[in-house]
Amino acid sequence: MEMVPSEENQLVPKEGMFWSCRQSIFDEMKKRFSQIENAAEEPRVLCIVQDTTNAKTVNERLTLNLPASTTLSKLFEDVAHKASYVNGTFDLAWGKTGDMGSLDPSSEMSLTESGFEPGKRNFLQLTDKDGEQPQIASDESGTAGSSGLDDSSQERFIGPLPRDGTVGCSSDYSSPSYSYSSILNKSDTGYVGLVNQAMTCYLNSLLQTLFMTPEFRNALYNWEFEESEEDPVTSIPYQLQRLFLLLQTSKKRAIETTDVTRSFGWDSSEAWQQHDVQELCRVMFDALEQKWKQTEQADLINQLYQGKLKDYVRCLECGYESWRIDTYLDIPLVIRPFGASQAYSSVEEALQAFVQPETLDGANQYFCERCKKKCDARKGLRFLHFPYLLTLQLKRFDFDYTTMHRIKLNDRMSFPEELDMGPFIDVEDEKSPQTESCTDSGAENEGSCHSDQMSNDFSADDGVDEGICLDSASSTERVLKPKVPSLNTSSLTFELFSVMVHSGSAAGGHYYACIKSFSDGQWYSFNDQHVSKITQEDIRKTYGGSSGSRGYYSSAFASSTNAYMLIYRLKDPSRNAKYLDCDDFPEHIKHLVQREKESEEQEKRQREIERNTCKIKLFCMHPVKTMALMENKLEVHKDKTLREATEMAYKLMELDGVVPLDCCRLVKYDEFHEYLERSYEGEDDTPMGLLLGGVKSSYMFDLLLETRRPEQIFQPYKPGEVMVKVHVVDLKTDTIAPPVSIRAYLNQSITEFKQLIAQATELSAETMRVVLERCYNDLRLLYVPNKTLKAEGFFRSNKVFVESSESPDHQVTFTDSLLWKLLDRHGNTIRLFVSLPVQSPGTNRTICPKVGGDTEECSEGSKGNRNSVEAILEESTEKLKNLSLQQQQGSSTSDSQKSSDTSDFEHIESPSPSQEPDSSVSAVVAVDNRELENRIRAASGGSGGGTYSDPETQFPGEERSDSEVNNDRSTSSVDSDILSSSHSSDTLCNADSGPIQLANGLDSHSITSSRRSKANEGKKETWDTAEEDSGTDSEYDENGKSKAESYYLYFRAEPYAQEDGSGEGGQKCVLVHVDKRITLSAFKQNLEPFVGVTSTQFKVFRVYANNQEFESVRLNETLSSFSDDNKVTIRLGRALKKGEYRVKVYQLLVNDAEPCKFLVDTVFAKGMTVKQSKEELMPQLKDQCKLDLNIDKFRLRKKTWKNPGTVFLDYHVYEEDINISSNWEVFLEVLDGPEKMKSMSQLAVLTRRWTPAQMKLEPFQEVVLESSSVEELKEKLSEISGIPLENLEFAKGRGTFPCDISVLEIHQDLDWNPKVSTLNVWPLYICDDGAVVFYRDSTEEPMEQSEDERNELMKKESSRLLKTGHRVSYSPRKEKALKIYLDGGPVKDPGQD
């Protein structure tokens, strides 16, 4: 820019140059605004990215709103910038569940071409690349990656410990945000994490600790696996060796532990069991010792971890000492002594208490062998030898005998980085010779350490050990020879290198390990797959406790994250080992490393292939195997061409040798709508990744492998076309042809559409009628010529019916036409398999229907009339056929055999004003049915085996309910609660069987109808009653049949032979084609000729999966809930009449372990009194239950679930005084004496006495009150118990009857002596009979119990309450025992789940 001097001799720009510069700035701004405007007009793609590479960012989302034209490579750049990662060090994958397909970071395809949807949320996941974390991009501020190695950095923390001391920073294991120092990549820390399978954090912590122990790791590497001797899968040392090698050499951020757990003999369920890390350490060491027998590592565990101590008792009178030698693998240290309010402040203090002796005096005196009497003595422990690796377990888990629950002690206990164990060693015992009388009991007490030997006696006077007589020194010197090089205290200094931390409660939590590397002295946090650097301050935060002292309750307010196990190593330069470098590996380890590297590379290549593989559903109509659509999954690399993908699909569908390859092609397909979206002409060499829109976890479309015959040519499918299935209807033959598929455009008119159909079907377009089925039998006549298909409601896949004839049916209104009736019949007819009964319910009387010419063998008593009955049935069947033929001739139509997707049916219509011929036909049917009924009765009566005097007359013995006739195989076998809903019993699916499978009979629209008979609209559905609740008596005739007769009576039956052989015993089956809008009453009447009895004398059961049967009883309800190929069973027996209800009767046994016992099914009727129902029940009870009861010695009462309720008095009337409902249940209670309940104003309460002095609950006693007064209740209880009124306390029981409660809890858990004057107010709410009330004597104290007696009682109560299914709140959480199986796995009991 040219400059000129100003008046002040300063250089300023020329005026022209200034304006020129200003103009250029404006031009640049205008250009930018123009770009912004263009970008605003372009569709935007919203990308939501979840960073799954570390724990802190997994709950965070990166949001980018990009133009749709943005390329994938630019997307990666934007994500890298926003996430502060180096581009190229991470992958992006689709964020849906399932197989995640990765995006190509170098692709120049736009977002829309890659499958992104503008205007919608597109979820992506940012993942590791090749198993390594993304590199953090460094910047000038240094906040992202430059300070990553700085321990003071606050960026990207991990671990449950807060770095700062802010109050309220949660340190619970469940917190999603962690607060350890910087999360570092594997390249930064040099360490690899372990994947948590589910709840295996305890295992990961121990494995990382063992890996970071040089002596253990090196010894494991020196062991060589012999594959000829053992299966590598079950070899625990070999799998540990492999795991350690991967931890040392793998480039992954974290590796799996499934191979190790599989070698333990664990299955996947073990991953969901949380165990104690100290318990795992013991069990794993035992397993390793077993596996290492007769190898150089046989004594490795003992050499590294085993110590020795002396358990002694010394007489204080003569000085005689009795002792034994025990071995240990860890030292359990008490956090808080039993009964104390303060915890030990440090590990040193807990160790001092561990060796502190206790005095045995008073009743606890010790019998001295030398004094020959009981004397005061001192009992304690002395350490004789410390192991090289010292393990301290801080006993933070305890049992609270007040609450009877396990608890965790979160008190503060400090531990030093260097621990001097010199003051705790018994030097004198180490130096002095011992006698052979000492016993090494380590084999049987290994690691026990007498952890219960915690003393409350803290006297400083230890006394002087006087020892015992010595005989032979040499042998025991060999036994007790210390493994430390010298006995000076400097050799007993241990340095801390592992802290296993537990975060949580006694019920569960999370483990992780803080471990110091012996290579650089740096502390690291190994928290499952995350490894990060930590500081000494972080270690100090694992001491536990809180900032202030809260006395006894300090543990309750303390942090739940604290140290649980500490591991120290002896500081001895001569023994302290270093980690083996890769160059120093033994040869067998080098070979193993090479194999693992090759396996990892192969896995990486396979993963790369998986990321570039398109997985999509493939369908094919196989021309030979089946005519149904076959489904498979096509997995093809994105770079494979369409021609190669077609060859793969050709082989996948096994078409080789059936159809030539050149007669197959892949097309885009929508299975849900059965729609062919498009074909790929001229794109045989196009990569599949481009055709499918990239690699995705799921696609919104499928592929169809289409086939053709050699002489045919493929039809091109263009995007935007709709698919139409055309069914040709022939009114002359009443048939509907199979579909013909054509393709049309939504903007075509109806006229053009008819011409298209005419070309495909060779029908006349001028006389053509086209009917669209829009959804499930919703029929629409397309009659407007210029209207488009879109306006008529066409979609991707459509179904139409066409008819083209010159019949006068064209001039009739569509809903009155023959075409509509045929389509209506087609859409509403279902096929049912009906099983008929063999015998009628009379004695020595069998009715054998003639079906298909077959005859049945009848009993001797019915031979005389067998032929006559069969002849009548045969004649009635022929008459039905003739009637059908007459009707069809009258309407100028006749049935003929339909095509494969239709069936032949009788068409019998009820009277209607517009159809006189149909009216006469129906009248003939009605007369014929009555004639048939009378002739059957006459024929049956002639045999002397029983008569039909009236349709309402019951068969002999027919008082029994349907479940008795069925041997309790139907409704009574199902829990009553399953049936207690508002839906009809014949529409109920068995809860265990799931949805009923629909068969391929008619088209799918026959399953559900959108049109129902008007007579059934708005009706209320109930169960197990023949009465219509919302109707009136005038609406039904004497048979329960609706006077508003249904308009649809399509019915046709034909013999059917069951292929599955389920019709044993001569049982006959018929295949029924029936309109599903027919009522149950009409359906039963149509079945009368085949059953052989009137409809009032048989019952209809609908059969569901697993052969569960439910009775259909609503006579005016249609069969609309039935579907094709449903099964129906007919059983002889009296059906429910109007006003009758099926009732289940249970016996109430208040003092039995199972108080509710099923007795019988019976029938109660509206208007019946309770006394009448009891009279009808008595013969049934005597016959079926062997209960011979006097009518005054039992009562009926309400049953609600398992709770007894209102007592029914004899004069009560059902439906007037007692509301009765479908599938009703009542209790029958046997009385000890005369009935005390005389009036509804009385209240019957079940009372039970609690006796604390005996820890016992007395049996139930019923108390009848005249009012709801608390005073009256207390007076009655005082009267029956003898407890003074002023000492009597009561409480209402909780839960369902019998309100069981543990005797350990009842005294304090119930709300005793509520301050109320009436029973019907809070907190009692006793307003009905059957309430449970406990009472006690307030002056009676609970029985004194020892600990053993209390534990024994606890076990008994637990067993008792678990049998009754009640909650046992005091029972401790049951844990699965931790086991490692050396033989590959547990032997499972087949009887166990």
Using a 3.5 Å distance criterion without hydrogens, assess whether the side chain of [X] forms a donor-acceptor pair with backbone atoms of [Y].
{"X": "Asn1351", "Y": "Asp1348", "answer": "no"}
{"X": "Asn218", "Y": "Lys578", "answer": "yes"}
{"X": "Asp361", "Y": "Gln365", "answer": "no"}
{"X": "Arg396", "Y": "Leu409", "answer": "yes"}
{"X": "Thr257", "Y": "Val260", "answer": "no"}
{"X": "Arg314", "Y": "Gly319", "answer": "no"}
{"X": "Glu349", "Y": "Ser345", "answer": "yes"}
{"X": "Gln522", "Y": "Ile534", "answer": "yes"}
{"X": "Asn364", "Y": "Leu360", "answer": "no"}
{"X": "Tyr191", "Y": "Tyr524", "answer": "no"}

Using a 4.5 Å cut-off on heavy atoms from C-beta on, say whether the side chain of [Y] contacts that of [X].
{"X": "Met565", "Y": "Leu206", "value": "no"}
{"X": "His275", "Y": "Glu270", "value": "yes"}
{"X": "Cys371", "Y": "Tyr320", "value": "no"}
{"X": "Tyr568", "Y": "Phe386", "value": "no"}
{"X": "Phe264", "Y": "Leu1378", "value": "no"}
{"X": "Ser322", "Y": "Tyr366", "value": "yes"}
{"X": "Thr542", "Y": "Asn562", "value": "no"}
{"X": "Ile567", "Y": "Met500", "value": "yes"}

Practice prompt. Determine whether more than 12 heavy atoms belonging to other residues, nucleotides or ligands lie under 6.0 Å from atom CD of Glu296.
Written response: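 Result for CD/Glu296: open.
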Practice prompt. Mark yes when over 12 heavy atoms from residues, nucleotides or ligands other than Gln1308 sit less than 6.0 Å from its CD; otherwise mark no.
Written response: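 Yes, CD of Gln1308 has more than 12 neighbouring heavy atoms, counting only those of other groups under 6.0 Å.
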Can you tell me how far apart [atom1] ([X]) and [atom2] ([Y]) are? Round to the nearest 0.5 Å.
{"X": "Thr189", "Y": "His530", "atom1": "OG1", "atom2": "NE2", "answer": "12.5 Å"}
{"X": "Ser560", "Y": "His510", "atom1": "OG", "atom2": "NE2", "answer": "11.5 Å"}
{"X": "Trp523", "Y": "Ile515", "atom1": "CH2", "atom2": "CD1", "answer": "8.5 Å"}
{"X": "Leu390", "Y": "Leu566", "atom1": "CG", "atom2": "CG", "answer": "9.0 Å"}
{"X": "Leu194", "Y": "Asp528", "atom1": "CG", "atom2": "CG", "answer": "8.0 Å"}
{"X": "Gln393", "Y": "Ile331", "atom1": "CD", "atom2": "CD1", "answer": "11.0 Å"}

Looking only at heavy atoms, which two atoms of [X] and [Y] are closest? And how far apart?
{"X": "Val277", "Y": "Tyr202", "value": "CG2-O, 3.5 Å"}
{"X": "Gln274", "Y": "Gly508", "value": "OE1-CA, 3.3 Å"}
{"X": "Leu1304", "Y": "Met1354", "value": "CD1-CA, 3.7 Å"}
{"X": "Arg412", "Y": "Gly544", "value": "CB-O, 3.4 Å"}
{"X": "Pro332", "Y": "Lys395", "value": "CB-CD, 3.6 Å"}
{"X": "Leu304", "Y": "Pro387", "value": "O-CB, 3.7 Å"}

Would you please classify the geometry between the [Y] ring and the [X] ring as parallel, tilted or perpendicular, with 30° and 60° separating the classes?
{"X": "Tyr564", "Y": "Tyr511", "value": "tilted"}
{"X": "Tyr579", "Y": "Phe518", "value": "tilted"}
{"X": "Tyr305", "Y": "Phe216", "value": "perpendicular"}

Worksheet item: Strictly under 6.0 Å, is that where the ring centroids of Phe383 and Phe354 end up?
Response: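 Ring centroids of Phe383 and Phe354 are less than 6.0 Å from each other.
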Fill in: side-chain contact (heavy atoms from CB on, under 4.5 Å) between Phe497 and Leu389, worked out
CA-CA 10 Å; Phe497 77 95; Leu389 296 172; 4.1 Å; yes
Practice prompt. Determine, step by step, whether Arg282 and Glu279 satisfy the salt bridge (Lys or Arg N to Asp or Glu O under 4.0 Å) criterion, reporting the C-alpha distance in whole Å, the side-chain angles of both residues, the deciding distance to 0.1 Å, and the verdict.
Written response: CA-CA 5 Å; Arg282 296 277 191 85; Glu279 181 187 11; over 6 Å; no
Worksheet item: Any side-chain donor paired with an acceptor under 3.5 Å for Gln306 and Tyr328?
Response: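 No, no side-chain donor-acceptor pair sits under 3.5 Å.
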Worksheet item: What residues, two or more places apart in sequence or in another chain, satisfy salt bridge (Lys or Arg N to Asp or Glu O under 4.0 Å) together with Lys516?
Response: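 Here the qualifying residues are Glu417, Glu495.
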Item to complete: Go through the steps to decide whether Leu419 and Leu496 satisfy the test side-chain contact (heavy atoms from CB on, under 4.5 Å), and finish with yes or no.
Response: CA-CA 8 Å; Leu419 178 61; Leu496 179 70; over 6 Å; no
Worksheet item: Would Leu220 and Leu210 satisfy side-chain contact (heavy atoms from CB on, under 4.5 Å), going step by step from the backbone distance to the final call?
Response: CA-CA 10 Å; Leu220 185 64; Leu210 295 178; over 6 Å; no
Worksheet entry | Derivation and outcome, side-chain contact (heavy atoms from CB on, under 4.5 Å), residues Asn222 and Gln297 | CA-CA 9 Å; Asn222 288 327; Gln297 289 76 19; 4.1 Å; yes
Item to complete: Output all residues satisfying side chain to side chain contact (heavy atoms under 4.5 Å, CB included) with Ala219, sequence neighbours left out; order by chain, then residue number.
Response: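 Partners of Ala219 under the side chain to side chain contact (heavy atoms under 4.5 Å, CB included) test: Leu300.
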